[in-house]
Each structure stands twice: as C-alpha cells, then as structure tokens.
Amino acid sequence: MKTKTNNLKTLAEFKDEFYGKTGTEKRDKLEKGYEQFKLGALIHDARIEKGLTQEELAFKSGTTKSYISRIENNVKEVRFSTLQKIVELGLGGKLELAIKL
C-alpha cells in the first residue's frame, strides 16, 4: 500500500517558491498588494464593529461613500491624511504608524 506524502508548505515557503525571495520585484509587488488589502479589511472590520454604514463613515470622515467602498475593496490607495480622518473622525479611533527595518 502506498503512503501519501505530506506536501504541505508554510505560507513563507509558498511565497518563496511562486513569487521569489523577499526583495525580488515579483515578491515586493505581492507584499505591497497584501498591505493594501489588509488596510481595506481593517477599515471594513472597524466600521462594522462600530455599527456604521459606508455612508455614515464617509459623512463623519468628510469623504464619500464610494471612496470608503473603494478603500475597503482595495481599488483605491488612500492618502495618509484621509486615512487619519477616517480612523479618528469617522471611527473615533487612533491611527498609529510604525516603521520596521
């Protein structure tokens, strides 16, 4: 009887194999896309947690519903100043920025 080998890979191994090592153009593009996706997901989750619609968040932030939608769906890159308004005015939170080297 044949035994099945375990072909599972960690996420890091998968990214190394299919997108190259960190620092390569293809891998950097993947990582940048993930960061944009993560930001949209964070805004979406915070908005839902606060019980706000996109329209309500937009009004409180001084922007439009379509702008909030585009951020949440990773279609639009957001300016830092606008992100700060969304987090602080719209969500009542605090935006923190970190740099990792």
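All residue numbers in this chain count up from 1 along the given sequence. These numbers come from a predicted model, not from an experiment.
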Go through it in stages, so that I can follow the logic: the residues are Ser69 and Asn73, the test is side-chain hydrogen bond (donor to acceptor under 3.5 Å, both in side chains), and I'd like the CA-CA distance, side-chain angles, deciding distance and then a yes or no.
CA-CA 6 Å; Ser69 177; Asn73 291 299; 3.3 Å; yes
Nearest 0.5 Å, what's the CD-CD1 distance between Glu72 and Ile48?
7.0 Å
How close do Ser61 and Ile86 get, counting heavy atoms only, and between which atoms?
OG-CA, 3.4 Å
OH/Tyr19 to NZ/Lys29 distance, rounded to the nearest 0.5 angstrom?
10.5 Å
What do you reckon, is CD of Glu49 surrounded by more than 12 foreign heavy atoms closer than 6.0 Å?
no
Minimum heavy-atom distance between Glu88 and Lys94, given as atom pair plus value:
CG-CA, 4.4 Å
Strictly by modelled atom types, are Ser66 and Thr64 linked by a side-chain donor-acceptor pair under 3.5 Å?
yes
Other hydrophobic cluster members with Leu101, side-chain heavy atoms of Ile/Leu/Val/Met/Phe/Trp/Tyr under 4.5 Å, chained?
Ile99
For Lys15, all residues meeting salt bridge (charged side-chain N to carboxylate O under 4.0 Å, His left out), sequence neighbours excluded:
Glu31
Do you know the tightest heavy-atom contact between Phe80 and Leu95?
CE1-CD2, 3.7 Å
Salt bridge Arg47-Glu56, side-chain N to carboxylate O under 4.0 Å:
no
Between NZ of Lys9 and CG of Asp16, what distance do you get to the nearest 0.5 Å?
10.0 Å
The residue among Ile43, Thr63, Leu89 that forms side-chain contact (heavy atoms from CB on, under 4.5 Å) with Leu57 is Ile43
For Val78, the side chain to side chain contact (heavy atoms under 4.5 Å, CB included) test, sequence neighbours excluded, returns Leu39, Tyr67, Ile71, Thr82, Leu83
